[in-house]
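Remarks on the structure that follows.
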There are 2 protein chains.
Amino acid sequence: MDLRRLRYFVAVAEARSVGKAAERLRMAQPPLSVQIRKLEAEVGAPLFRRGTRGMDLTEAGQALLVRASEALALAADGIEAARAVASGRRGRLSVGYMFVLANAILPRLIPELRRSVPGVDLEFAELSASTREARLLDRSVTVALCMPAINHPEIQLARIGAQPFMLAMPIRSPLARLSSVPMAKLQGRPLIALPHPDHGPASSAVVALLRRHQVVMPIASRVETVHSAMSLVLAGEGFAILPACAQLGAPRGIVFRPLRDAADSLDIAVCWRRDSHSPLIRTFLKCAEKVVAAL
Amino acid sequence: MDLRRLRYFVAVAEARSVGKAAERLRMAQPPLSVQIRKLEAEVGAPLFRRGTRGMDLTEAGQALLVRASEALALAADGIEAARAVASGRRGRLSVGYMFVLANAILPRLIPELRRSVPGVDLEFAELSASTREARLLDRSVTVALCMPAINHPEIQLARIGAQPFMLAMPIRSPLARLSSVPMAKLQGRPLIALPHPDHGPASSAVVALLRRHQVVMPIASRVETVHSAMSLVLAGEGFAILPACAQLGAPRGIVFRPLRDAADSLDIAVCWRRDSHSPLIRTFLKCAEKVVAAL
DNA sequence: CCATTGGCATACCGAAAACGTATGGGTTGG
DNA sequence: CCAACCCATACGTTTTCGGTATGCCAATGG
């Protein structure tokens, strides 16, 4: 059962003549005639009635024709679909993002993506710091918006921006009256910290920041997510040092203030598997860069 | 775009390994590997990710896989459908019948046919005497139940039974009191005749019958169909000489009586195009013979 | 009645594609 | 470090396909 034979068969059926079909197929008539007879031999029954003025489908031939046409169309469509996916015109793009970035980036990124790749099924999934590598490696997400960046040999990353650190505190805190907070004022105040550098890189930049300014903040609590950090800040358990973008997702009652003379910032990065060559990744990167640049 | 390649592709995708797929396809591994790469060249993009422990579909490969599987199934189904039609297990059988036979035969023939060929689409169409040849020749009906038989070089026929002639008359007619009517009693009575022998063979047997018994019946009216003949009989315009089976479709007020000492009868025949080799014709013939034998 | 035309089938040959065997090269696991 | 596994490449052989030449049959026309 060769697809070429089916193609020939359909051509002959539509032309109602071997000669005409051969002409349309840009081949000679005899080999076409041979192929048709081979197909008939394979089926075990005549597919055409040979008249003196051309060929006409038998009932068996008609039954084959409808399915053969569909099969041809499907095969062609399959090739085309594969090309479309490979070129990024169609397909699926699963975007992972970390919560801190959600409010700042997604509202502008999603429409931008839908405009850029209208034929692509988009999917969004919030990532936790602990599973983001795994989700990339097992391909359950194609790209990840990370902060801070992932460090893994199989994962490629592109830095697309950075966010300065800010101090998050309850609105009633005395420090909230300052328009910016000098680092020295943090000395001795309780810190709501994100995971320890040994388990995840989330707070290593904060540790470096404090050390550089020779400020010591006792760790009041250590939490997994920015959600939790802000909850504890609101509860008055301490202060958190968070990237500026986090304030868009902050609950009422929490204020953010710039840290004076602290130039430190946290990178926003797009990450993907090194062996994923989907063109959608580059498109995504462009969109993300554009959105982040406009922050 | 060759169907063989698609088959190979599906096998490799399902086995997730060239070697395993080659084994299943009963071929060597290298040529299979070559075919896969040729398919990838045709698509213009890799369809598999080559790992150290086998092959894995890329997104483009997944897009192709679903359509390729369907195309393969359709192609196979097409071949199978053609075989089924050729063998008579499936297909379409369009049965033409003449009105005189409808009431006597169809009620028992249709269920018999549905039992015999459950996969076949049945279609029934009443034929008029003037178009029955044309309907067979242009294949708008596959077989025809005719009375009398068709005479045409392209049409093959099989006689499956016969019906004696009877006299049709209004119930008030004096002749209706006889349980059978001697031919001599018809002398001089008005006849409702079917088409002239020159235009159709319908009444030639009646002409022969009358001539043999040296009975002359003036033709009161000449009508096209048995319907009309019975209407005129009911209206008191005359008598009709019709095959016995016609009485099943006769309206109230008409009675049929046997013609004494008239052994003449009209053949019931199954007719089809000589070049129609559908096995359904033979099946139909068997069913029709069985039903007619039980009349 | 014969010649011509139109259409499919058959025969044969050259070319292309596919298959098998042998082999290379990379990675994994003991 | 060697063995096992798996895919890729190379090359010779075989199968299949397409082209040309030609035959057969029926319908057409003078």
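Below, all heavy atoms of this structure are taken into account, side chains as well, without hydrogens, waters or symmetry copies. Given the structure is predicted, the values throughout are model-derived calculations rather than measurements. Every chain is numbered from 1 and lettered A, B, ... according to where its sequence line falls, protein lines coming before strand lines.
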ask   = For F48(A), does its backbone N or O pair with a side-chain atom of E40(A) as donor and acceptor, under 3.5 Å?
value = yes
ask   = In Å and rounded to the nearest 0.5 Å, what is the CD to CZ distance from E42(B) to R83(A)?
value = 6.5 Å
inquiry  = By the 4.0 Å heavy-atom rule, please label R16(A) as base, sugar-phosphate, or nothing.
reply    = nothing
note = Note: contacts of residues 31-49 of chain B with DNA chain C (heavy atom, under 4.0 Å) are P31(B), Q35(B), K38(B)
message = Quick check on dG7(C): is either OP1 or OP2 less than 4.0 Å from any side-chain nitrogen or oxygen of R50(A)?
response = no
query = Where the side chain of R159(B) meets the backbone of A269(B), is there a donor-acceptor pair that is under 3.5 Å apart?
reply = no
ask   = Please give, in whole Å, the distance from dA18(C) C1' to L25(B) CG?
value = 14 Å
query = When you look at E59(B) and R92(A), which way does the salt bridge (Lys or Arg N to Asp or Glu O under 4.0 Å) test go after all the steps?
reply = CA-CA 8 Å; E59(B) 292 76 8; R92(A) 205 176 61 91; over 6 Å; no
task = Using atom CG of D2(B) as one end and atom C1' of dC19(C) as the other, report the distance to the nearest whole Å.
result = 14 Å
ask   = In whole angstroms, how far is the C1' atom of dG6(C) from the NZ atom of K20(A)?
value = 9 Å
key: Non-hydrogen side-chain atoms of S128(B) and E224(B) separated by less than 4.5 Å   = no
task = Determine whether more than 12 heavy atoms belonging to other residues, nucleotides or ligands lie under 6.0 Å from atom CZ of R16(A).
result = no
key: Rounded distance in Å - CD (E23(A)) to P (dC8(C))   = 12 Å
Between C1' of dG18(D) and CZ of R7(A), the distance in whole Å = 16 Å
query = So, the side chain of Q35(A) versus the backbone of R5(A): is there a donor-acceptor pair under 3.5 Å, distance only?
reply = no
inquiry  = Need one value for G51(B): base, sugar-phosphate or nothing, where a base atom within 4.0 Å counts as base even if backbone is also close, heavy atoms only.
reply    = nothing
task = Taking all heavy atoms of T142(B) and all of L136(B), pick out the closest pair and write down the distance.
result = O-CD2, 3.7 Å
ask   = How does protein reach along nucleotides 21-30 of chain D, written 5' to 3' as B (base within reach of a heavy atom under 4.0 Å), S (only sugar-phosphate), or - (no contact)?
value = B-----S---
ask   = Please give, in whole Å, the distance from dG19(D) C1' to Y8(A) OH?
value = 12 Å
query = Do I79(A) and L39(B) have side chains that get closer than 4.5 Å, going by heavy atoms?
reply = yes
